[in-house]
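Quick note on labels: first sequence line is chain A, next is B, and so on, each numbered from 1.
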Amino acid sequence: MKVVTRFAPSPTGYLHIGGARTALFNWLFARRYEGQFLLRIEDTDKKRSTSEAVDKIFSGLKWLGIESDKPALFQSDNSTRHIEIANKLLKQEKAYRCFCSLEELTEMRKKARSEGKTRLYDRRCRDHKPTASDLTRPSSIRIKMPKENETLINDLVQGEIKVTNDNLDDFIIIRPDGTPTYMLAVVVDDHDMGITHIIRGDDHLNNAIRQLHLFHACEWDTPKLAHIPLIHGHDGTKLSKRDGALGIDSYAEMGILSEAMNNYLLRLGWSHGDEEIISTKKAIKWFNLDAVGRAPSRFDMEKLLNLNTHYLRNSSNKDLVSYVIPILSKLMESEVSSIAADRIERGMPGLKQRSKTIVELAQNSLIYSKETPILIQKNAAEHLNTQSISLLSSLHQNMANMRKWDQDSLEKIVRTTATENNIKLKQIAQPLRVALTGSTISPSIFEVMEVFGKKETLNRLKTVIKV
RNA sequence: GUCCCCUUCGUCUAGUGGCCUAGGACAACGGCCUCUCACGCCGUAAACACGGGUUCGAGUCCCGUAGGGGACGCCA
């Protein structure tokens, strides 16, 4: 049997971390077994669904590299089919019309709760034959849940779960306004789409038990279930779609690489021995549901950053330049010149060694982007005094005659100049750094000089010496 | 309140009855390297929630307690 999985978010907000991981697991599982991964937008609640949210889900998934094998399906497009199924169940007396008002239901819930019951609807309409006058009033359709015995589900992640059927409410499948509810829609759509494995957050575990009975009522095969634990915030509080968790796009804006996010999300709740750095290729080869943990895990930015550092360093210089330029031009409030872009690319080996995020990389790239005359930072200025300036002056003389202009030769000449003047390398390297970059922090000063080239380097030195 | 689920270093996790004196990674701390900042390298500290069983033997199986989470909508 070919594996078919789906990611089915509701378009009521952005794509959050938990949703992204659910999508990733579904996608990986489908790829692993050479099956299909589908996307379905659960927009049965029209009031809360927005097209902005749909766009955010699409862009978030695209950023992660998770692609649906078919065009996304909008659940609301299938409502005719959902209603058809509900009517069929009604005819078969597996479902019934409920004429209770919202007030009545609230009252029932209050009562049941005070009595310590799990089931909150008292089923007063279940065995009531609707009269002609009943039928003039609005009604919802409820599904009949079994009254006796227990329901057992064998979840691929959570194991065996047992519930006494008396706890199960006859839930509404069609609202009084005639629209289908989520509970009906998921079941019908999962069946129609041929979903073989439902992988979703374990906040749906309780629903799974109810939905199972709907599958039975329809006389359909039930997909295999896998309920993965939720992701919590760093402080242990809930981090899911209904609260203020950050959208996946925020992480992109922070300068996180999608490879790092994928790797991080994968390792959150899933493991393969001691493996930490896992490429998508390996993930597809290794991913399985048995290795998904059952306990919720906390989101840890530090670890994400560590992974990001790793992937950033392994990215090509060219790619990194293309990521950095837009951020850089925002920082400088001007276009990034082609000279600057070229310098950044050549200086990338040193820059990427010093950055955890793309944003940081852009900030570090500023030293190569600014035109002369450069601004000397306040705390850096103290490195330029009469003594150090005279050192830079003799260095300038020594360097002016150089023919080969690479890191090694530059290091040699700076060291020689230091020895000549009876000082430590440090004492000339810092003033040199300040003179060239305006900052006390930069990649190796020899690398910086190579990147700037002879002309620009000597030019910048001269500016400082003259003053 | 009721129902369901979960519980190994601060965090993510390895562990499927003897290989556990509990391993790895991130973070922390110390050192080395060093032209600044980083990187890198070496090292240190750090956990089986608790209580009962089962067993020759339990982190691993069972029960209970505590703590945490989820669900209880005409939301998804």
Does any part of the side chain of A/Ile198, heavy atoms only, come nearer than 4.5 Å to the side chain of A/Lys224, both counted from C-beta?
no
Mind checking if A/Lys162 touches a base, just sugar-phosphate, or nothing, with heavy atoms under 4.0 Å?
sugar-phosphate
With respect to the side chain of A/Asn306, which nucleotide from B/C26, B/C4, B/A76 is positioned closest?
B/C26
Quantified in whole Å, what is the C1' atom distance between nucleotide B/A66 and nucleotide B/C32?
47 Å
Side chain of A/Ile161 only, please: which of B/C26, B/A76, B/C4 is the nearest?
B/C4
Under-3.5 Å donor-acceptor pair between A/Asn207 side chain and B/A76 base:
yes
Using the C1' atoms only, state how far B/U44 lies from B/C3, rounded to an integer number of Å.
47 Å
Have a look at A/Leu102 and say if it touches a base, only the backbone sugar-phosphate, or nothing, with a 4.0 Å heavy-atom cut-off.
base
Take atom CD of A/Glu42 and atom C1' of B/A76, then tell me their distance rounded to the nearest Å.
7 Å
A/Arg109 vs B/C74: side-chain N/O to OP1/OP2 distance below 4.0 Å:
yes
Provide, to the nearest angstrom, the distance between the CG atom belonging to A/Asp169 and the P atom belonging to B/G73.
7 Å
Pairing partner (Watson-Crick or G-U wobble, both distances under 3.5 angstrom) of B/G40
B/C32
From the list B/C72, B/A76, B/C3, which nucleotide is the closest neighbour of the side chain of A/Ser10?
B/A76
Salt bridge check: are A/Arg124 and A/Glu104 linked by an N-O gap of less than 4.0 Å?
yes
Where does the angle between the aromatic ring planes of A/His204 and A/Tyr182 fall among parallel (under 30°), tilted (30 to 60°) and perpendicular (over 60°)?
tilted
Work out how far the C1' atom of B/A22 is from that of B/U16, and round it to whole angstrom.
15 Å
Write down the partner of B/C74 under the Watson-Crick or G-U wobble criteria, each distance required to be under 3.5 Å.
none
If you look at every strand shown and take non-hydrogen atoms under 4.0 Å, does A/Leu105 touch a base, only sugar-phosphate, or nothing?
base
Classify the angle between the aromatic ring planes of A/His213 and A/His216 as parallel (below 30°), tilted (30 to 60°) or perpendicular (above 60°).
perpendicular
What is the distance from CZ of A/Arg119 to C1' of B/A71, rounded to the nearest Å?
17 Å
P atom, B/G52 versus B/A58: distance in rounded Å?
13 Å
Rounded distance in Å between the C1' positions of B/G17 and B/G1
40 Å
Could you give the distance separating B/A14 and B/G23 at their P atoms, to the nearest angstrom?
15 Å
Between B/A71 and B/G53, how many Å separate the two P atoms, rounded to a whole number?
38 Å
note: A/Glu160, atom CD; B/C4, atom P; distance rounded to Å ~ 14 Å
Identify whether NZ of Lys or CZ of Arg in A/Arg343 sits under 6.0 Å from the centre of the six-membered ring of A/Phe452 and within 45° of that ring's axis.
no
Would you call the rings of A/Phe287 and A/Trp270 parallel, tilted or perpendicular, taking 30° and 60° as the class edges?
tilted
Whole-Å C1' distance, B/G30 and B/U13
26 Å
Which nucleotide, in any strand shown, forms a Watson-Crick or G-U wobble pair with B/U16, with both distances under 3.5 Å?
none
Is it the case that A/Arg109 places NZ or CZ above or below the six-membered ring of A/Tyr121, under 6.0 angstrom from the centre and within 45 degrees of the axis?
no
Using atom names, set out every protein N or O paired with an N or O of nucleotides 7-14 of chain B below 3.5 Å, distance rounded to 0.1 Å.
| unit_1 | atom_1 | unit_2 | atom_2 | d |
| --- | --- | --- | --- | --- |
| B/C12 | OP1 | A/Arg298 | N | 2.9 |
| B/C12 | O2' | A/Arg267 | O | 2.9 |
| B/C12 | O2 | A/Lys303 | NZ | 3.4 |
| B/U13 | OP1 | A/Gly269 | N | 2.4 |
| B/U13 | O3' | A/Ser271 | OG | 3.1 |
| B/A14 | OP1 | A/Ser271 | OG | 2.7 |

Mind calculating the distance between CD (A/Glu150) and C1' (B/C3) to the nearest angstrom?
13 Å
Upstream residue (5' side of RNA chain B) when A/Glu302 and A/Cys100 are each assigned their closest nucleotide:
A/Glu302
Whole-Å distance between B/G73 P and A/Lys47 NZ?
16 Å
Distance, rounded to the nearest Å, where A/Asn206 contributes CG and B/C3 contributes C1'
7 Å
Short side-chain N/O contact from A/Thr44 to OP1 or OP2 of B/A76, under 4.0 Å:
yes
Presence of salt bridge, A/Glu115 and A/Lys111, under 4.0 angstrom:
yes
For nucleotides 32-39 of chain B, tabulate all protein N/O to nucleotide N/O atom pairs closer than 3.5 Å, reporting atom names and distance.
| unit_1 | atom_1 | unit_2 | atom_2 | d |
| --- | --- | --- | --- | --- |
| B/C35 | OP1 | A/Arg415 | NH2 | 3.0 |
| B/C35 | O2' | A/Arg433 | NH2 | 3.3 |
| B/C35 | O2 | A/Arg433 | NH2 | 2.3 |
| B/C35 | N3 | A/Ile445 | N | 3.4 |
| B/C35 | N4 | A/Ser444 | OG | 2.7 |
| B/U36 | O4' | A/Gln430 | OE1 | 3.1 |
| B/U36 | O2' | A/Thr440 | O | 3.1 |
| B/U36 | N1 | A/Arg433 | NH2 | 3.2 |
| B/U36 | O2 | A/Thr440 | O | 3.2 |
| B/U36 | O2 | A/Ser442 | N | 2.9 |
| B/U36 | O2 | A/Ser442 | O | 3.2 |
| B/U36 | N3 | A/Arg433 | NH1 | 3.2 |
| B/U36 | N3 | A/Ser442 | O | 2.5 |
| B/U36 | O4 | A/Arg354 | NH2 | 3.3 |
| B/U36 | O4 | A/Ser442 | O | 3.4 |
| B/U36 | O4 | A/Ser444 | N | 3.3 |
| B/C37 | O2 | A/Arg354 | NE | 2.7 |
| B/C37 | N3 | A/Arg354 | NE | 3.0 |
| B/C37 | N3 | A/Arg354 | NH2 | 3.0 |
| B/C37 | N4 | A/Arg354 | NH2 | 3.4 |
| B/A38 | O2' | A/Gln353 | O | 3.2 |
| B/C39 | O3' | A/Arg313 | NH1 | 3.2 |
| B/C39 | O3' | A/Arg313 | NH2 | 3.2 |
| B/C39 | O2' | A/Gln353 | NE2 | 2.6 |

Only pairs with both distances under 3.5 Å count, Watson-Crick or wobble alike; so what is the partner of B/U7 in this structure?
B/A66
Ion pair check, A/Asp166 and A/Arg119, cut-off under 4.0 Å
yes
Taking the six-membered ring for Trp, is the centroid-to-centroid distance between A/Phe299 and A/Tyr264 below 6.0 Å?
yes
Quick check on B/C33: syn or anti? Syn means the glycosidic torsion is within 90 degrees of zero.
anti
Residue pair A/Leu38 / A/Leu73, side-chain heavy-atom distance below 4.5 Å
no
Taking atom C1' of B/A28 as reference, at what distance in whole Å does atom CG of A/Leu305 sit?
16 Å
Give none if B/U60 has no partner; otherwise give the nucleotide forming a Watson-Crick or G-U wobble pair with it, both distances under 3.5 Å.
none
NZ/NE/NH1/NH2 to OD/OE distance under 4.0 Å, A/Lys303 and A/Glu276
yes
